[in-house]
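Each remark here refers to the structure printed beneath this line.
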Amino acid sequence: GGIITQTPKFLIGQEGQKLTLKCQQNFNHDTMYWYRQDSGKGLRLIYYSITENDLQKGDLSEGYDASREKKSSFSLTVTSAQKNEMAVFLCASRDKEVFFGKGTRLTVV
Amino acid sequence: QQKVQQSPESLIVPEGAMTSLNCTFSDSASQYFAWYRQHSGKAPKALMSIFSNGEKEEGRFTIHLNKASLHFSLHIRDSQPSDSALYLCAVSTGGYKVVFGSGTRLLVSP
């Protein structure tokens, strides 16, 4: 089996700050994803990547950038953190099923 | 743009009952249909998936797909308190973009 590691686990940012979330997978999967989950709700797709150096916008890409410089890693940048924003960002990779990391919990003060 | 919707939003069932969860999608070219389960504070995990019309059973869980109706469902037989979780349906068109629904929160009362 493999694992998806997200760092940091918790991230506290200031309003207007640029924040970067990192994700590493050792499944050797080609496709990777970033989803946002607000408290107790469903998952909204921010960005996905079907191979190294590829980026595809999801339904919630505004306010975010992403980078896939290596097959094993996929990073997400919040370009300007919004005050009182609170969400969990989930990184995932896929062959047939989608496998998720444990998430980065973002709080903006 | 693919729209995926789940119903009901939340559900309480007694232990031992049958639970039925629903998912509708908008793109008739969709090819991958799956259910994921997320226990409180944990990451979502795949439960089961189906690729063509019909039914698939794995233990107490059955997934049923009707592409013509743009609908698939998950049925849980003999529901257990450990089944209490957020259930997410997922749909993919073209093999890469996977869109999830807004979730159904299930509580199985002992």
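All heavy atoms count here, side chains included; hydrogens, waters and symmetry mates do not.
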Practice item. Any chance you could lay out the side-chain contact (heavy atoms from CB on, under 4.5 Å) test for A:Gln37 and B:Gln38, step after step, and finish with the verdict? Key: CA-CA 12 Å; A:Gln37 185 172 35; B:Gln38 184 180 27; 2.8 Å; yes

Exercise for review: Carefully, step by step, assess B:Val98 and A:Leu45 under the rule side-chain contact (heavy atoms from CB on, under 4.5 Å).
Suggested key: CA-CA 8 Å; B:Val98 180; A:Leu45 181 62; over 6 Å; no

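Within 6.0 Å of atom NZ in A:Lys22, 12 or fewer heavy atoms from other residues, nucleotides or ligands are found, so the atom counts as exposed in its surroundings. Shown here is B:Lys67, whose NZ atom has more than 12 heavy atoms of other residues, nucleotides or ligands within 6.0 Å. More than 12 heavy atoms of other residues, nucleotides or ligands sit less than 6.0 Å from atom CE of B:Met18. The environment of CD1 in A:Ile12 is sparse: at most 12 heavy-atom neighbours from other residues, nucleotides or ligands sit within 6.0 Å. Heavy-atom neighbours of B:Ile12 CD1 from other residues, nucleotides or ligands within 6.0 Å: at or below the threshold of 12. Surrounding CD of B:Glu15 are more than 12 heavy atoms belonging to other residues, nucleotides or ligands, all under 6.0 Å away. No more than 12 heavy atoms of other residues, nucleotides or ligands shown are found within 6.0 angstrom of NZ on A:Lys102.
Under 4.0 Å is where a charged nitrogen must lie from a carboxylate oxygen, and between A:Asp59 and B:Lys3 no such pair does.
Taking each heavy atom of B:Ala43 and A:Phe100 in turn, the nearest pair found is CB-CB, 3.9 Å. Residues A:Leu43 and B:Pro44 come closest through the heavy atom pair CD1-CG, 4.2 Å.
Contact tally against chain B (heavy-atom pairs below 4.5 Å) for A:Arg44, A:Arg105, A:Lys96: the top residue is A:Lys96.
The same ILVMFWY cluster, assembled from side-chain heavy atoms under 4.5 Å apart, contains both B:Phe33 and B:Val4.
Within the 4.5 angstrom heavy-atom criterion, atoms from both the backbone and the side chain of A:Glu97 approach chain B. Of the atoms belonging to A:Phe99, not a single heavy atom falls under 4.5 Å from chain B. For B:Gln6, no part sits under 4.5 Å from any heavy atom of chain A, backbone or side chain. Looking at B:Phe51, only its side chain comes within 4.5 Å of chain A, counting heavy atoms on both sides.
For the atom pair NZ (B:Lys97) and OH (A:Tyr48), the distance works out to 5.5 Å, reported to the nearest 0.5 Å.
Between the side chain of A:Tyr33 and the backbone N or O of B:Tyr96, at least one donor-acceptor pair lies under 3.5 Å.
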